[in-house]
Amino acid sequence: MSAIAVERRRPKTAAIEEMKIRDALESDLPAIIKIYNAAVATRVATAQLEPVTLEERRGWLKEHSVDRHPFWVLEIDRKIAGWLTLKPFLPRCAYRGTAEVSVYVDEKFRRRGVGRTLLGEAIARAPSLQIGAMVGLIFAHNEPSLRLFKQLGFDRWGLLPRIARLDDIERDLTIMGRHV
């Protein structure tokens, strides 16, 4: 299990909090799913339209590997504040050095550097994971995520106009990419 600890100052209280990134465990799935289902409801961060269940996602962690396409959680005070996955971008061999990155942050922990810390760790560890390029597929109306990716060196590599339909509203998908 890999872990890093990052100290961050809480803006309102000036207290120090410790952020710990580690590999996700099966026992983390309820918290991971809770964060994901909150994102489903917003129609901003995922094309999933219905909440997922623990039973449906029980195999989620098996789709990832610690040494190639990890599934990480970030803890603050032993609570899961967010998570990140790296997965194969496309199944063809020529894309094996490219990973799709997804980041989700619990609503209670937003604006505290959780997403930035997770994404920064993924960028830093990408070479050891044999990843040369990272791609984020982000709805064009998800301005906070687009801003975060841009701040961490991602550029807009493409736009798929009106590719998704969320509650009868057509949405664009922005492809953000970065070589690492």
Side-chain angles (χ1 to χ4, degrees), residues 1-42 44-46 48 51-54 57-87 99-139 142-154 176-180:
M1 175 165 61
S2 60
I4 65 157
V6 180
E7 287 187 358
R8 295 274 190 230
R9 292 199 178 272
R10 289 186 183 149
K12 294 179 183 173
T13 64
I16 303 250
E17 63 187 11
E18 183 182 351
M19 294 184 175
K20 178 183 174 185
I21 296 173
R22 62 173 175 76
D23 296 317
L25 305 171
E26 191 164 336
S27 60
D28 298 325
L29 279 174
I32 290 166
I33 289 169
K34 181 180 175 212
I35 293 167
Y36 187 69
N37 283 339
V40 168
T42 67
V44 175
T46 178
Q48 177 75 34
V52 299
T53 66
L54 181 59
R57 292 299 181 159
R58 203 163 285 288
W60 214 351
L61 299 180
K62 291 181 179 111
E63 298 169 11
H64 297 273
S65 64
V66 177
D67 61 340
R68 186 78 173 102
H69 295 105
F71 194 133
W72 295 328
V73 295
L74 183 145
E75 292 181 331
I76 296 176
D77 299 328
R78 296 192 188 124
K79 294 183 181 84
I80 294 177
W83 53 271
L84 175 141
T85 62
L86 292 171
K87 64 182 184 182
E100 180 185 338
V101 60
S102 297
V103 182
Y104 291 87
V105 177
D106 187 305
E107 296 167 307
K108 295 179 292 238
F109 291 95
R110 291 199 180 139
R111 306 200 54 78
R112 289 167 63 178
V114 172
R116 175 181 302 281
T117 301
L118 281 163
L119 192 53
E121 181 70 3
I123 293 165
R125 299 241 340 253
S128 70
L129 298 168
Q130 300 172 24
I131 294 170
M134 298 170 71
V135 175
L137 306 177
I138 304 169
F139 285 130
N142 186 347
E143 293 176 14
S145 288
L146 291 171
R147 235 183 346 266
L148 171 63
F149 275 65
K150 185 151 184 62
Q151 289 169 354
L152 290 175
F154 285 74
M176 297 295 287
R178 177 191 164 130
H179 292 283
V180 290

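For the numbers below, each heavy atom of this structure counts, side chains included, while hydrogens, waters and symmetry mates do not.
Side-chain contact between His69 and Glu63 is absent, with no heavy atoms from C-beta onward closer than 4.5 Å. Side-chain contact between Arg125 and Trp72 is present, with at least one heavy-atom pair separated by less than 4.5 Å. Inter-residue side-chain proximity for Phe154 and Leu119 is flagged as met; some heavy-atom pair is nearer than 4.5 Å. In this structure the side chain of Ile76 reaches within 4.5 angstrom of the side chain of Arg112, judged on heavy atoms.
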Discussion item. Walk me through whether Arg58 and Glu26 qualify under side-chain contact (heavy atoms from CB on, under 4.5 Å).
Written reply: CA-CA 8 Å; Arg58 203 163 285 288; Glu26 191 164 336; 3.3 Å; yes
Practice prompt. Could you give me the CA-CA distance, side-chain angles and deciding distance for Ile33 and Val52, then say whether side-chain contact (heavy atoms from CB on, under 4.5 Å) is met?
Written response: CA-CA 7 Å; Ile33 289 169; Val52 299; 3.9 Å; yes
Discussion item. Working note: Arg68 + Ile131, criterion side-chain contact (heavy atoms from CB on, under 4.5 Å); need CA distance, chi angles, decisive distance, verdict.
Written reply: CA-CA 8 Å; Arg68 186 78 173 102; Ile131 294 170; 3.7 Å; yes
Item to complete: Could you go through the side-chain contact (heavy atoms from CB on, under 4.5 Å) check for Trp60 and Ile32 one step at a time?
Response: CA-CA 10 Å; Trp60 214 351; Ile32 290 166; 3.8 Å; yes
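Not one N or O on the side chain of Arg116 forms a donor-acceptor pair closer than 3.5 Å with the backbone of Leu148. Of the possible donor and acceptor atoms, one in the side chain of Tyr104 sits under 3.5 Å from a partner among the backbone N and O of Ala45.
Using cut-offs of 30° and 60° on the angle between ring planes, the pair Phe71 and Trp83 is parallel.
We find that Arg22 and Glu75 are joined by a salt bridge, their nearest charged nitrogen and carboxylate oxygen being less than 4.0 Å apart.
Within 6.0 Å of CD in Glu143 there are 12 or fewer heavy atoms belonging to other residues, nucleotides or ligands.
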